Amino acid sequence: MDVADLPGVPSWLPEHLQSAGIEALYPPQAEAVEAGVTRGENLVASIPTASGKTLIAQLAMLSAITDAAGASERERSDPETPPADGDGTALGGTALYIVPLRALASEKQAEFEEFEQYGLDVGVSTGNYESDGGWLADKDIVVATSEKVDSLVRNDAPWLDDLACVVSDEVHLVDDAERGPTLEVTLAKLRRINPDMQTVALSATIGNADVLAEWLDAELVDSDWRPISLKKGVHFGQALHLEDGSQSELPVRNSEKQTAAIVRDTLDDDGSTLVFVNSRRNAEAAAGRLASVTREALTPAEREQLADVAAEIRDVSDTETSDDLADAVADGAAFHHAGIASGHRELVEDAFRDRLLKVVSATPTLAAGVNTPSRRVVVRDWRRYDGTAGGMQPLSVLEVHQMMGRAGRPGLDPYGEAIIPAASHDELDELFDRYVWADPEPVQSKLAAEPALRTHLLATVASGFARSRDGLLEFLERTLYATQTDESGRLARVVDEVLGYLQRNDFLERDGEELSATSLGHTVSRLYLDPMSAAEIIDGLRSGGGSAANGDDASEEPAGFTTASDLADEAGGDEAKDPTAMGLYHLVARTPDMYELYLRSGDEEEYSQIAFEREAEFLGRMPSEFEDDRFEDWLAALKTARLLEDWASEVDEDEITDRYGVGPGDIRGKVESAQWLLGAAESLASELGLDAAPAIRRARTRVEHGVREELVDLAGVRGVGRKRARRLFDAGIESRADLRDAEKSVVLAALRGRAKTAENVLENAGHRDPSMDGIEPSEEVSYERSDSDGRASDGEEATDDQTSLGDF
DNA sequence: TGATAGAACCTTTAGACAGCATGTC
DNA sequence: CTAAAGGTTCTATCA
């Protein structure tokens with residue numbers, strides 16, 4: 001189909017597409033148009049990555065929100081659509097594009113911003129970022145994560161009543177046990193609020209796209225067409241066996257690993273390789289080894305550019321991980337996983353897209369995240385450790401196909417190849433059966449599980465979608481779960497159980513048939529907390545510190561109001577003592593909303609010891625050592641809490657990564673979660689009239705900036721992080737006010753003579769004359785740390801956090 | 001005696017969404 | 001109860 005013949009789209013679109021070099025639609029796109037995407041029809045498109053999903057979404061959104069030249073045609077073909085008011089004016093309504101990851105939100109935003117020249121406004125809304133320049137209600141296209149949309153629904157964002165079109169990207173993730181139900185419920189709610197809204201769902205190729213279409217009353221486009229062909233295959237011995245039956249030689253030299261041989265072979269053809277492995281350590285080790293292969297193939301120019309990237313990587317953070325990454329990058333290889341800093345991730349992704357990096361070894365982050373295609377993909381590890389299953393489990397076909405789908409760069413490669421290395425002849429056959437020939441498994445709703453329903457039932461009642469048990473069950477009829485199952489008994493049973501839980505914890509109340517949220521329930525729902533997290537936090541705040549294992553009170557429910565007066569009080573203040581930062585960090589670390597850190601061998605002993613020493617600080621009941629699982633979880637939370645405490649005590653980043661066996665990216669992740677949960681805890685405290693709120697706020701500000709109490713004020717100045725704040729403080733500048741009328745030479749010295757930085761900081765602090773012209777750093781300032789209390793005598797001298805080493 | 005390759009043993013294990021408020025010349 | 005790779009330490013072998 002030619003783009004000039006598109007029905008129902010804005011008049012400028014065909015020309016716009018042509019100028020971007022798009023003359024004809026890809027076959028699946030044409031199918032989508034024939035199915036009516038541009039005429040407001042619901043659509044499920046189950047097609048491979050990179051086969052033009054974005055354009056389908058754009059066609060749907062643009063035709064839905066603008067009054068196109070083809071409006072009259074639209075009326076003819078779809079008499080149900082109310083006629084547009086006037087001619088040539090926008091129909092109004094917003095299009096919402098739902099993504100599974102924050103990183104994808106910004107990627108999509110960039111893609112949609114090409115329409116801004118036609119007067120369309122694009123906005124982004126995620127938990128950590130909201131596009132500025134106006135209110136979301138004024139946007140024509142909004143990109144958001146599914147959780148953010150859910151949260152917006154809970155908070156009654158008015159513009160959600162005016163949606164013309166919603167596009168759900170990667171909708172096969174409804175299969176995910178943790179996050180799938182959110183997407184499922186949110187789509188159901190949006191469709192109920194906007195009965196005339198167009199729903200478009202984009203999915204990877206899955207086994208049962210027809211069921212999704214049935215659920216969403218949608219037309220179905222189910223295709224495995226790709227713009228560049230993808231050849232899947234298995235490597236064994238000295239040969240590469242492809243799915244088309246061909247075999248080619250791919251020799252493995254002595255003492256060389258299979259993966260290295262494949263990478264070398266790809267390099268001979270001037271291509272790059274993406275290697276998927278099953279653990280972070282494997283990713284890092286593989287990158288180190290493969291660097292010796294890529295090193296040989298670099299041109300001097302590439303070597304130079306890579307050296308620059310390596311330097312930038314070292315600038316991001318000065319941890320061991322950072323060094324290892326930079327070393328590999330200098331040789332043209334890199335690793336990629338969730339433990340590296342986000343700056344690292346971006347640098348690696350960009351350098352790989354620019355074909356500077358010849359190989360990246362990655363965990364599944366890269367398969368799900370932003371677009372990073374490669375000539376060849378190697379799925380080295382097709383089994384992954386799964387504690388709940390007790391051992392290595394094979395990856396799902398869907399997941400392996402998603403990884404394989406990264407092979408082949410549109411417009412750059414003639415084709416893509418995806419290879420799994422086999423260690424034996426039997427394995428070769430098995431891999432062909434299991435992954436090369438196999439179809440992806442069907443997706444299955446995970447809604448009927450307690451954790452999912454806990455949060456969604458409360459939200460559904462709180463935001464008025466249902467007012468009784470029957471109303472809830474009726475609402476749940478709109479979900480995929482109901483479409484997929486005939487027996488309603490299981491769902492009803494879990495619903496009853498969860499309703500009981502929510503009532504016992506005072507989130508919901510029941511008056512005859514009538515079900516309503518308590519004011520606490522409303523708060524919890526709006527805060528986006530798992531009700532179980534809220535219950536834990538409330539219990540902890542109410543019972544205060546030091547309630548050591550007070551017997552086995554058999555009830556699941558918190559005992560509440562434990563008096564702790566008989567315990568030694570090491571935590572400061574006598575009466576009505578404030579919770580300590582450690583107490584609060586531990587409280588939020590043990591909620592289900594915080595991921596647990598893994599306890600390594602030896603950790604159990606170490607943290608039991610700490611638990612004993614600091615017993616008085618912990619809020620709520622400590623499980624006894626005989627409650628095996630619960631005690632272990634409690635200790636894992638203690639490990640997290642201590643990480644947070646270290647961070648908030650200015651312990652160095654590389655010291656923390658070392659001590660807890662985490663990557664720099666993990667620290668950020670934990671800090672972010674803690675910030676969110678402490679914010680929520682503060683709200684709960686005020687809601688319940690507890691006086692812990694100020695202490696919670698202090699603890700939160702400290703993790704936010706990673707500083708001790710005395711630096712909180714300084715670290716609030718933009719451009720001043722934990723390290724600069726400490727240096728300024730040690731130079732006698734102890735607050736924002738001090739900074740405003742500080743002696744400039746002292747500031748300059750404390751910031752290690754960097755005039756540009758100093759000017760910036762002074763300006764941000766509101767200094768009336770920040771100029772550093774002709775100022776010399778004062779010599780009286782010593783860099784010696786004046787450690788007033790406690791630990792953290794860690795070296796602080798090495799580098800500055802925001803600037804590189806070189807310029808001093 | 002010292003260097004080195006390889007066996008035997010030990011350790012560890014993917015990912016990542018969310019509140020709220022407010023600044024700033 | 002289930003695995004496997006990488007890292008570490010110990011041991012055998014050779015110069």
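Below, chain A is the first sequence line, B the second, and so on; all start at residue 1. Predicted model, so just to flag it, every value in this text is computed and none were measured.
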Hey, does N278(A) reach any base, or is it just sugar-phosphate, or nothing, if we go heavy atoms under 4.0 Å? sugar-phosphate
How is A368(A) classified with respect to the nucleic acid when contacts are heavy atoms under 4.0 Å: base, sugar-phosphate, or nothing? nothing
Classify the side-chain pair H586(A)/R590(A) by whether it contains a donor and acceptor separated by less than 3.5 Å. yes
How would you label the contact of Y528(A) with the nucleic acid (heavy atoms, under 4.0 Å): base, sugar-phosphate, or nothing? sugar-phosphate
Under 3.5 Å donor-acceptor, S673(A) side chain and G669(A) backbone: yes
Of the candidates dA3(C), dT24(B), dG19(B), the side chain of M392(A) sits closest to dA3(C)
Classify the nucleic acid contact of L529(A) as base, sugar-phosphate or nothing, counting any heavy atom under 4.0 Å across all strands shown. nothing
Does E672(A) reach a base, just sugar-phosphate, or nothing at all? Heavy atoms under 4.0 Å. nothing
Can W676(A) be classed as stacking with the base of dA18(B), given a centroid separation cut-off of 5.5 Å and a plane angle cut-off of 30°? yes
Return the pairing partner of dC14(C) with a 3.5 Å limit on both distances, Watson-Crick or G-U wobble; otherwise return none. dG2(B)
Could you tell me the separation between the CD atom of E284(A) and the P atom of dA5(C), rounded to a whole number of Å? 18 Å
Under 4.0 Å, heavy atoms only, any strand: does R289(A) hit a base, just the sugar-phosphate, or nothing? sugar-phosphate
Against the side chain of Y385(A), the closest entry in dA14(B), dA3(C), dA18(B) is dA3(C)
Assess, by modelled atom type and distance only, whether the side chains of S445(A) and E184(A) contain a donor and an acceptor separated by less than 3.5 Å. yes
Separation of D666(A) atom CG from dG15(B) atom C1', in whole Å? 10 Å
Indicate, with a heavy-atom threshold strictly under 4.0 Å, whether G679(A) touches base, sugar-phosphate, or nothing. base
Do you see a donor-acceptor pair shorter than 3.5 Å between the side chains of S771(A) and D769(A)? no
What contact category does R380(A) fall into here, base, sugar-phosphate, or nothing, at under 4.0 angstrom with non-hydrogen atoms? sugar-phosphate
By nearest-nucleotide position on DNA chain B, the 5'-leaning member of R718(A) and T126(A) is T126(A)
